[in-house]
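Below you'll find the structure, written out as structure tokens, and then a few comments.
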Amino acid sequence: MSSALPEQLADADFLAFTLKHPEFYPASSFVLNNGTQCEIWDTGVICFTPVRYGNNDIVLSSGVHGNETAPIEICAALTKDILQEKLQLTERVLFLFGNPAAMNAGVREITDNMNRFFSGAHQIDAAVLATAAFENQAQQLGLSFEKLRCARLEQYVSRFYQVMPTGRQRALYDLHTAIRGSKFEKFAVYPYLHDKPWSEQQFSLWGSCGVNTFLLMQTPATTFSYYGAQSHNAHAFTLELGKARPFGENDHSRFAEVAVLLRQLISGEVINTKAFVETDFQLFEVYRSINKQTEAFELCFAANIENFTQFPIGTVLARDQGIEYKVDQPGEALIFPNAKVAIGQRAMLMVKPVSVAGRTA
Ligand SMILES: [Zn+2]
């Protein structure tokens with residue numbers, strides 16, 4: 001049978017197609033020979049609905065930070081196999097390539113860090129978004145592409161979940177790689193659940209592919225994963241899968257287990273998971289966030305320090321104008337240090353070990 005793909009996607013390379021149209025692409029749809037409905041909602045946004053689908057509505061997001069290429073390449077391979085009908089879906093899936101313009105530039109962001117502008121932090125009114133013409137919208141509205149993109153992605157995620165009846169299982173996996181190495185190569189940020197229990201099934205699922213370290217958040221955030229959990233009651237995580245490298249330079253053997261898990265999740269293959277036992281995991285909670293307050297802010301450790309590095313009590317971690325930040329908790333570890341953030345933003349997060357006993361379901 002001849003390919004059902006439209007001419008501009010004849011090579012089934014949805015990532016290349018996305019990067020050719022980094023800011024905008026008009027909606028279009030087509031049906032594969034195996035009956036899978038494919039809807040392009042915008043650049044980097046493709047919704048797949050197989051003829052028969054299960055109870056899961058799964059959002060796979062990559063490239064919210066443009067230079068975190070390994071997950072982008074994993075999702076590009078999955079979309080290609082779906083479009084070439086080598087991979088038969090058993091669930092509805094929405095793939096999102098977050099920031100195509102930044103991907104083209106090989107940078108984390110052009111203007112704004114997208115993972116700080118979800119849950120309405122973009123401050124773009126839905127009515128304004130609806131009335132402005134789609135093309136060149138960022139310029140029309142005087143906004144960064146990234147803020148506009150966050151507002152748009154929220155609309156697509158809402159559409160994806162809300163066209164279905166309630167009572168289905170929702171997941172939003174936002175796939176990243178970190179700027180630096182990590183004591184634990186793969187880890188997940190579990191967004192604040194407002195005192196709802198943490199999911200043992202999700203711990204086990206991610207543990208099965210080597211994500212054994214979880215950072216359990218205790219406050220609302222403007223990340224994509226918090227948005228998915230809070231606004232849509234999805235099982236949502238920010239998954240940090242390794243170190244960020246340029247396109248084509250990733251060692252995919254380090255990501256193989258994750259790639260296999262994602263493939264199994266969307267194609268109905270059996271996933272071998274172990275029952276949840278807390279001691280199989282490294283669980284942390286945030287102890288404090290250290291924000292950059294002035295241009296004088298400096299970090300007091302080697303630039304190549306790994307995430308989850310622990311220090312003795314009393315160690316000076318950072319200095320800002322008139323302030324010195326010292327370790328004051330046993331087991332206190334740092335993650336995401338970045339002195340180059342804007343004034344007022346988080347320059348590092350300090351975490352400490354935690355137990356979830358009695359707080360899982
Ligand atoms: Zn990232």
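In each ligand, atom 1 is the first atom listed, and ligand 1 is the first ligand listed. What's counted below: heavy atoms across the whole structure, side chains too, no hydrogens, waters or symmetry copies.
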For residues 305-316, please give each side-chain donor-acceptor pair under 3.5 Å, one per line with the distance, not counting sequence neighbours.
| unit_1 | atom_1 | unit_2 | atom_2 | d |
| --- | --- | --- | --- | --- |
| E306 | OE1 | K183 | NZ | 3.4 |
| N307 | OD1 | F336 | N | 2.7 |
| T309 | OG1 | E306 | O | 2.5 |
| Q310 | NE2 | G331 | O | 3.0 |
| T315 | OG1 | P312 | O | 2.6 |

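- At least one N, O or S atom of E68, from either the backbone or the side chain, sits less than 2.8 Å from the Zn ion (ligand 1).
- The pair E68-R108 meets the salt-bridge criterion, since a charged nitrogen lies less than 4.0 angstrom from a carboxylate oxygen.
- For H176, the N/O/S atom at the shortest distance from the Zn ion (ligand 1) is named ND1.
- In summary, of the residues considered (F281, Y173, W198, Y226), a ring pair (Phe, Tyr, Trp, His ring centres under 6.0 Å) with Y190 occurs for W198 alone.
- Residues passing the salt bridge (Lys or Arg N to Asp or Glu O under 4.0 Å) test with E109, sequence neighbours excluded: none.
- Considering just the N/O/S atoms of H65, the one nearest the Zn ion (ligand 1) carries the name ND1.
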